[in-house]
Structure formats: structure tokens, C-alpha cells
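Below is one structure, written out as C-alpha cells, with a few remarks after it.
Quantities reported herein were computed from a predicted structural model and do not represent experimental measurements. The chains referred to below are lettered A, B, ... by the order of the sequence lines, with proteins before strands, and numbering in each begins at 1.
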Amino acid sequence: MSLETTDIEVKEKFVELYNNNRNILRKGSTDYVNQIRDEAFQKFKKLGLPDKKNEDYKYTDIKSLFNNGLKTFLSPKNIEFNVDDIFQCDVPDLNTEVIILLNGWYYNREKQLAELPGGAVIGSFQKATEEYPELVKKHFNQYADNEKEGLVALNTAFVKDGIFLYVPKGVVIEKPIQIINLLMDDEDGLAQHRNLFILEENSQVSLVVCDHTLSTSNFLTNSVSEFFVDKNASLDFSRIQNEHNGSKQLSHLYFHQEKDSRINANTISLHGGLIRNNINVLLNGEGCENHTLGLYLTDKGQHIDNHVFIDHAKPNCTSNQLFKGVLDDYATGAFNGKVLVREDAQKTQAYQANNNILLTDDATINTKPTLIIYADDVKCSHGATVGQLDMDALFYLRSRGINEKEAKLLLMYAFAHEVIKKIKIPALQERIHELVDKRLRGELSRCNFCHMNCK
Amino acid sequence: MLNIKNLHASIEGKEILKGVSLQVNKGEIHAIMGPNGSGKSTLASVLAGKEMFEVTQGEIDYQGKDLFELSPEERASEGIFLGFQYPIEIPGVSMVNFMKTAVNEQRKHKGLNPLSSSDFLKLMREKKELVELDTGLANRSVNEGFSGGEKKRNEIFQMAMLEPKLSILDETDSGLDIDALRVVANGVNKLKSSENATIVITHYQRLLDYIVPDFVHVLYDGKIVKSGDKNLALELEEKGYDWLKKNVVVK
């Protein structure tokens, strides 16, 4: 009974917040966005937040995250900092366009939309709703699931800002675009950015997303990103989750793929108190290729939950899911990967694997790889492993003079390598190699509380 | 150099070595032969420090040190090298990274500075030639996808890189065709000096045509039941192990 009470309290809190701030929320948003907002709000009122009775959220307690008096960032806050300082933190030294979100708001208030070569546009989502209404209308909230996901409905109801990217037909953006999500405030807070990425036919782009916390306050993020990848377009998406361990992150990615499109999506989770990644892929045309990979290295009380759903709706598509994790101390985790092959989706190739190494008896992982197949001419595989380091390999390394600690590191590094080597941008791959090495050595934790001066 | 006295070792409560004594001096090559299950590989593993074996009795002195006081990595840094019967595949760890870490860890142990990348690569090139190891292999993950012969050559390559004082080669000849056997044996012979020693563990006399031992020992049922010079190996080849087994029973 007490659970029910909490549920209503948390839900009511947001209903109240919404009603009290309705004018602030609506102001500056276009009518069509506000219409979607109102609809989503009604859906949220119906759905509430998922509880542990919900099979999809069995291993992660969502409600308790919200029930702690977090401040919601309803308007952008002007915090000055030197961008160069952040670069020296953990951001790969790439030749990239740099886009910053601060607490979910587009940081550069002076220039909210920037033009890229070939007529591509990147910038503030909010600004784009005004400047590019036709584009936004066509894609915004078309791929995210507001019907079943209370968290998504909540995000949509409070939608304000985030990243907007538009790559027109045939445009290839050579330089990877780097997006940095920063959380910084002197109070605990909730950030809910909303991102929209539109890749038209034959276009191509690489995105590198880094999540950072720059102050010790406890943050909760509930973000939604929608990706529309049209015919024969190609998206390379890498993200590095490296927030401090007092922060909690819920992210929902929706990838919509049309015919012959290709997506590589890597999620590297290093730090963060609680991370829940929902990754949804719809292969909506023939000949699509999708590689969804993840690597998580956790310790102490960290909790990681990756939830992947790949929907093979059309024939002749290939999907490849690989998630690997090393859990130390008393860290906990879950992996739930589902592949659905619909009746029409003949000649599907779908592979799914989740491999885990538990370094202690107290670390736990719950893994559930699932295949649901309605077509008869397909090639699919799935599997999960949970184990320890290979003792024979460890002895082999030690017998050559490599000390035990270093030998263990080499093996963990090798385990992680399978995911890292799939990262397409060489400089980024190298940088992630370094970060993973540091993380495994426990040297990255000093960045947990970096106030931008972590040189 | 190495002095084993009355060594008893067991695994999961089952005694495998039942009182092995053996002395190896520098400059010597010892061959240990014996039928399957006699404890040859166990002896090699105990010398290298594999923890799954429990030493219940006896002592091993290595260059004035109690070997049991040393971890596997310390033994390696002190110059002990085990050539594995079944080299382990380690996907994701490149040969270069593996050897560089091993060489530099051992140098650190000796109080030396790590080798520079260029010196290291030079050393690697030199040693690769010794065992005719393909450059392609050196760029791959440790033993991953190597053929049986390549794995064994890779063991000798590592031996060449690490320049051990005492090499224990566990069935290095098993699974090798005659050409590979010659390459491996040549490598071992080239590395031999008056300062180091080698223990060759083998099933067959064949390898000893190429690596000529100073002493041959027969290990049977956890004990050395007979020792002799290289002619003992020939005698074993001719008569098999049965006549020795009979002797043991009589005794």
C-alpha cells in the first residue's frame, strides 16, 4: 500500500509542477509543440512512472529517483565557464564541432542555430521549433513511445530545449560533431532534454556525445532522443557516459531507420550512480544495417541497466547487438535485449550477445537476451555469459613476469576491446581506449568531482 | 641453480608428485620423460608457480632462494620460463603489448629502465627471426587463431625475448611436424649458453635428436625412477616404459 501512496505522490508532484508552471512551459513554445505537450501530459497522468511490477523495469527502481525534492530546470540558467577547461577533462581531442547543453539547455544563447556545410543545421531544439516548424512537425515525437513509457510522456510534457540536427539529402558531414551534456548547479536538479536528429536520404554524420557533471550536486536526467535516418543514410553515434556517482541518468534513444540505412551506436558507460539506457531501433525498410554496442565498467554501488529493443519490421536487414560489462565491488546491473523479427521480415540476420565479468562475489548482473521470431527464413543468435576472469590466461600472463594486478588489467582491457574496436572514428577509438584503461585502473574517479579544473 | 628435494604435490587432495628430487646446474640440459599421467606437467606447473597445485612436502632451492616464497611473476623475473604444453589464447591482448609489458615488468624487477618503443621493436624483430615467426602473427592477439605449430614457435619466441636462466619446456614437441620441430629445436639450441639451463619435458625421443640432453630422467607415478645420459632415451625408445614399471613394482 505504501508503494501506491508514493506513486501517487510522485505523480501528483509533477502534475502540480506542470499545472503551476503551465504558462512558463508554454511561453516561447510554438502552438504545435504545446499541443503535443498537453497530449503527453494527459498520457503521463494516466501512466505515471514505471514501478518494479513493470517487467521492463524489474531491476531498476525508478520512482525512488524522483522522490527527493529535485529542482526542475524550467528555464536556462546563465553560468559562465571556460569551454577550454572542459576539453581538458575527458573529452576526446577530436577535430570536432562542439555543441554544449547545460542542464538540458542549449548553452550558446547568442547563436542558437549554426549552419554547417551543405546546408546542415545544428543547434537548439527550441529555436528549431520556431525556425524549422515543418521539419520539426514532421519528425518530433513521431518515434518516441508516449503510449507505454511514462518517462517519455513526462519528458514530452515538459519539453523545452535540447539538440536539433538536420542533415539534408546527400550531405556528408566529414567532421564528427561533438555534443557535451553538462550538469552544473549548486542545487540538486532534474534535467529533461529533448533531442531530434534528422538525416535525410544519402546523408552521413558522426556524433560523439559526452555526459559530464561539473558540480557535486545530485542530478537526475530523463532525456529523450529521436533519430530519423532516411534511405541510404548513415549515422555513427558514440556516447560516453561519465557523470559522477551521485548522479542518475535515464536516457531513451529511438532510432528509426529507412531502407538501406546504416547505424552504429556505441554506448560507453564509465561513471554514474545509476544509468538506465533504453535503446529502441525500428528497421522500417529493407537492407538496413544496425550495430548497437555497449560497454559498461562499474564498481562500488553503481547500477547499470541497458534495455535494448530491435524491431525487424522489414526483410533483409541485419542487426548486431553486443553489450559487455565488467562489474566490481558491489555494483549491480541488468541487461535486457529483445529482438523482434516480424512475419514479413524474411532473410533477417540478427545477432545478440551480452557478456559479463564479475570481479567479486557481491557484484551482480541480471541478463535476459530474448528473440521473438515470426518469420521462417532468418538467421538469428543470442546468448549471454556471466563469468570471472580466465584463470589460465591470468597464469599465462603472470608466468611471463607480469604482476597479478597488471595481468588482470590486461585481461579486462582485452574483454572491453571487442566493443571499443567497433568505434569508427580512429581518434575517438584511441581516446576511449585510454579512458577505459584509466577507468579500469581506478584513475578516472578523480574526475568525479572535477569542477572543470581537472588537469 | 635448481635443487628439488623430495617434492610432493597434489591437486584436489590427489597426490601427483610423490617425492621428486632433481638437481640442475647451469649449462645443463635435462630431459624428463615418462608415460602419460606420471606427473611431468605437474612438475613443470609447480616450478612455474601455478596455484592450483598444493605442495605438501619438500623444498625447492632456486639460485639460493626458496622458490615457494616467490609468486609466478617473481619467478619469471628471476629467470624461470615455462613453455606451455597448451599455450593460452588471449583475444584482445596483442602480442606486441603482451611482450612489451612482460619485458618491461621484468626490467623493472631488475631495476632497469623500460625499453623505448623503437628498441623494443628492434628486439622483437631480431627474436622473431630466430624462430621464423611470421610478422603477421606478432601483430595479432596472443595465440588467437594460431595453429598448433605457431603456438609452440610463439613459446620459443617469448623465451628468446625474455632470455630466461632456467627454461622448462613442457611437451614443446607435441603436435609438431618435423619442420616445425627443427625450427623449435634450433631456437632452443641457439639460446643455450653456459649460463642458462633447460629442462625439456617430452614423450618422445624424437626431440632429443635435435636437443641433445646431458641427463635423461624417467618420471613414473610421481617419482624419478631412473636417470642416465642421452642413451637412456634411446633405450626407452626401444623398450618402452614397461620394463621400468616392472622394476618399480618389484621395488
Side-chain angles (χ1 to χ4, degrees), chain A residues 266 268 293-297 322-326 353-357 359 383 385 387-423 426 429-430 432-441, chain B residues 44-53 70-110 112 140-144 151 154-155 157-159 161-164 167-168 170:
Chain A
N266 305 297
I268 313 287
L293 295 102
L295 174 68
Y296 41 99
L297 309 170
L322 175 66
F323 278 75
K324 296 187 96 171
V326 180
N354 173 233
N355 309 115
N356 299 282
I357 289 180
L359 295 176
T385 60
Q388 284 78 40
L389 289 174
D390 179 348
M391 294 313 281
D392 288 332
L394 191 62
F395 177 66
Y396 190 71
L397 295 171
R398 292 178 72 192
S399 79
R400 300 304 184 240
I402 300 171
N403 73 54
E404 192 176 358
K405 186 175 167 246
E406 201 65 30
K408 281 183 176 168
L409 281 168
L410 269 176
L411 292 179
M412 287 191 272
Y413 194 62
F415 178 79
H417 179 75
E418 202 187 342
V419 173
I420 301 169
K421 74 178 179 194
K422 299 271 169 60
I423 292 167
Q429 191 190 82
E430 204 174 296
I432 286 179
H433 255 298
E434 259 173 59
L435 280 176
V436 165
D437 189 48
K438 264 199 201 169
R439 177 67 184 92
L440 290 170
R441 284 174 192 278
Chain B
S45 295
V46 169
L47 288 172
K50 195 160 186 176
E51 279 148 1
M52 63 189 282
F53 295 99
L70 305 177
S71 66
E73 52 268 33
E74 285 167 335
R75 295 179 197 200
S77 294
E78 292 288 331
I80 291 182
F81 178 88
L82 172 63
F84 281 61
Q85 181 178 5
Y86 304 110
I88 312 293
E89 296 194 12
I90 313 180
V93 176
S94 72
M95 273 306 297
V96 175
N97 196 13
F98 169 46
M99 272 295 101
K100 198 173 177 183
T101 310
V103 166
N104 284 335
E105 286 278 313
Q106 292 206 16
R107 287 178 68 89
K108 196 161 86 188
H109 183 86
K110 291 172 189 135
L112 300 168
R140 297 222 314 248
S141 289
V142 177
N143 292 319
E144 194 188 20
K151 281 181 182 166
N154 191 18
E155 293 295 289
F157 164 68
Q158 292 171 42
M159 176 178 156
M161 288 293 290
L162 299 169
E163 298 178 337
S167 304
I168 305 144
D170 188 6

Item checked: Residue, of B:Leu162, B:Thr101, B:Asn104, that accumulates the most heavy atom pairs under 4.5 Å with chain A -> B:Thr101

Check: Hey, are B:Tyr86 and B:Asp170 close enough side-chain-wise for a donor-acceptor pair under 3.5 Å?
Finding: no

Checklist line | Contact winner vs chain B - A:Leu411, A:Asn403, A:Leu397, heavy-atom pairs under 4.5 Å | finding: A:Asn403

Checklist line | Qualifying residue for side chain to side chain contact (heavy atoms under 4.5 Å, CB included) with A:Asn355, from A:Thr385, A:Val326, A:Val419 | finding: A:Thr385

Next item on the list: Please flag which part of B:Val103 lies under 4.5 Å from any non-hydrogen atom of chain A: side chain, backbone, both or neither.
Entry: neither

Notebook entry, point to check: Is A:Glu406 salt-bridged to A:Arg441, cutoff N-O under 4.0 Å?
Noted result: yes

Margin query: For B:Arg75, is there an ion pair with B:Glu78 - N to carboxylate O distance below 4.0 angstrom?
Written below: no

Margin query: Taking side chain as everything from C-beta outward and backbone as N, CA, C, O, which of these in B:Asn143 sits under 4.5 Å from a heavy atom of chain A? Side chain, backbone, both or neither.
Written below: side chain

Checklist line | Contact class of A:Glu418 relative to chain B, heavy atoms under 4.5 angstrom | finding: neither

Next item on the list: Using a cut-off of under 4.5 Å on heavy-atom pairs, state which of B:His109, B:Glu73, B:Glu89 scores highest against chain A.
Entry: B:Glu73

Next item on the list: Identify, with sequence neighbours excluded, every residue that meets ring pair (Phe, Tyr, Trp, His ring centres under 6.0 Å) alongside A:Tyr413.
Entry: A:His433

Margin query: Show, in sequence, the C-alpha distance, side-chain angles and deciding distance for A:Glu404 and A:Lys408, and conclude whether the salt bridge (Lys or Arg N to Asp or Glu O under 4.0 Å) test is met.
Written below: CA-CA 6 Å; A:Glu404 192 176 358; A:Lys408 281 183 176 168; 3.7 Å; yes

Next item on the list: Would you mind checking which part of B:Pro164 comes under 4.5 Å of any heavy atom in chain A, side chain (CB onward), backbone (N, CA, C, O), both or neither?
Entry: neither

Note to self: I'd like to know which of A:Arg400, A:Lys421, A:Met391, A:His417 tops the heavy-atom pair count under 4.5 Å against chain B.
What the structure shows: A:Arg400

